[in-house]
Amino acid sequence: MTETSLRPLRADARRNRDRLIAVALRAFTDPGPEVSLEAIARGAGVGIGTLYRHFPTREALIEAAYRSELERLCAAAPDLLAEQAPDVALRQWMDRLVDYMTAKRGMADALRAVIASGANPFAQSLASMTAAVQSLLDAAAAAGSIRADVPPVDVLKAVSGVSLVAGEPDQREQAGRLLDLLMDGLRYRSAAPRA
């Protein structure tokens, strides 16, 4: 456990940490040669010592970048519900989930290094995402805008499939159309009587 995890960070230290995570996320998501920690520190406008004070290893920085994005994604659910109708909030959150999953695929090599070091960056991912999507589904079902019998894991798996399309060059628009189709399926209530 690092010293920074034992006590709250000063405002300037928090800003430095946040900048390091933002730069690291971009660096670990972009394809290309492995970026150095010195380049990440330089990109964040801090020295390498500051980087190591917050993140003693490369793997600790990768895991922090991954967890930061997961927290941002899950924290968006209540914010979207406060600003939008529940079904609109659900659809907007799905867009964010696709972006998150696409970025996570970009970080695949970096995350494999974290796993190889013995950490499990995914330990809380499914539970956190399930809780976020459940809150959105519950709100939309209570508003009568979607059906109430859809398990959150089914939505996560469906959006995961859509994210595979979004990861292809120039296919983000198609991914949006697929999410619209998914929303139409969530709104479907009962089959028309058969003749």
Side-chain angles (χ1 to χ4, degrees), residues 8-9 11 14-15 17-30 44 62-108 111 121-192:
L9 294 174
R14 167 60 68 188
R15 280 190 302 274
R17 185 179 191 285
D18 291 346
R19 281 196 313 262
L20 285 163
I21 288 173
V23 171
L25 182 64
R26 284 191 304 274
F28 296 138
T29 301
D30 291 339
I62 294 166
E63 187 169 1
Y66 171 78
R67 289 191 187 281
S68 172
E69 283 303 287
L70 176 65
E71 289 168 10
R72 186 183 332 244
L73 171 69
C74 294
D79 294 342
L80 289 169
L81 284 170
E83 299 165 3
Q84 308 288 340
D87 59 329
V88 174
L90 175 60
R91 175 60 177 81
Q92 288 179 355
W93 192 83
M94 286 179 183
D95 268 324
R96 292 177 185 211
L97 180 57
V98 165
D99 293 340
Y100 165 80
M101 289 179 165
T102 303
K104 186 174 77 169
R105 262 194 307 285
M107 290 183 73
L111 288 169
F122 309 118
Q124 296 173 324
S125 301
L126 182 58
S128 298
M129 288 189 292
T130 300
V133 77
Q134 183 70 66
S135 69
L136 291 157
L137 290 170
D138 289 347
S145 54
I146 68 164
R147 52 195 287 175
D149 63 341
V150 180
V153 172
D154 289 359
V155 173
L156 291 173
K157 287 184 178 188
V159 176
S160 178
V162 171
S163 77
L164 295 174
V165 171
E168 298 297 319
D170 303 321
Q171 296 301 313
R172 187 58 176 91
E173 187 177 320
Q174 181 184 23
R177 291 192 306 270
L178 292 171
L179 290 177
D180 290 340
L181 285 172
L182 177 56
M183 284 301 300
D184 287 346
L186 290 173
R187 289 185 183 103
Y188 181 75
R189 294 194 190 283
S190 62

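Here the structure is a predicted model, which means the values were calculated and not measured. Position 1 is the first residue of the sequence; numbering continues from there. Because only heavy atoms are used, hydrogens play no part in the values below, and waters and symmetry mates are left out as well, while side chains stay in.
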Using 0.5 Å steps for rounding, measure from the [atom1] atom of [X] to the [atom2] atom of [Y].
X   : Y    : atom1 : atom2 : value
T29 : Y66  : OG1   : OH    : 12.0 Å
L90 : M183 : CG    : CE    : 4.5 Å
L20 : S68  : CG    : OG    : 11.5 Å

In the structure I gave you, are the side-chain heavy atoms of [X] and [Y] within less than 4.5 Å of one another anywhere?
X    : Y    : result
M94  : L186 : yes
L25  : M107 : yes
R96  : R72  : no
M101 : L97  : yes

Query raised in the report: Do any pairs count as a salt bridge (Lys or Arg N to Asp or Glu O under 4.0 Å) and have a residue in residues 83-93, sequence neighbours left out, and if so which ones?
Result: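 Output for this query lists D87-R187, R91-D95, R91-D180.
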Requested in this report: Under the salt bridge (Lys or Arg N to Asp or Glu O under 4.0 Å) rule, collect the residues that match up with D138, sequence neighbours excluded.
Outcome: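 Salt bridge (Lys or Arg N to Asp or Glu O under 4.0 Å) list for D138, sorted by chain: empty.
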Query raised in the report: Do R177 and E173 pass the salt bridge (charged side-chain N to carboxylate O under 4.0 Å, His left out) test, and can you show the C-alpha distance, the side-chain angles, and the key distance before you say yes or no?
Result: CA-CA 7 Å; R177 291 192 306 270; E173 187 177 320; 3.5 Å; yes
Quiz: residues 152-164 side-chain donor-acceptor pairs under 3.5 angstrom, not counting sequence neighbours:
| unit_1 | atom_1 | unit_2 | atom_2 | d |
| --- | --- | --- | --- | --- |
| S163 | OG | R105 | NH1 | 3.3 |
| S163 | OG | S160 | O | 2.6 |

Closest non-hydrogen atom pair, [X] against [Y]:
X    : Y    : result
V165 : Q171 : O-CB, 3.1 Å
A141 : R147 : CB-O, 4.1 Å
L81  : P86  : CD2-CA, 3.8 Å
Q84  : A89  : CB-N, 3.9 Å

Requested in this report: Could you tell me whether a side-chain N or O of W93 sits under 3.5 Å from a main-chain N or O of P78, the two making a donor and an acceptor?
Outcome: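 Side chain of W93 to backbone of P78: no pair is present.
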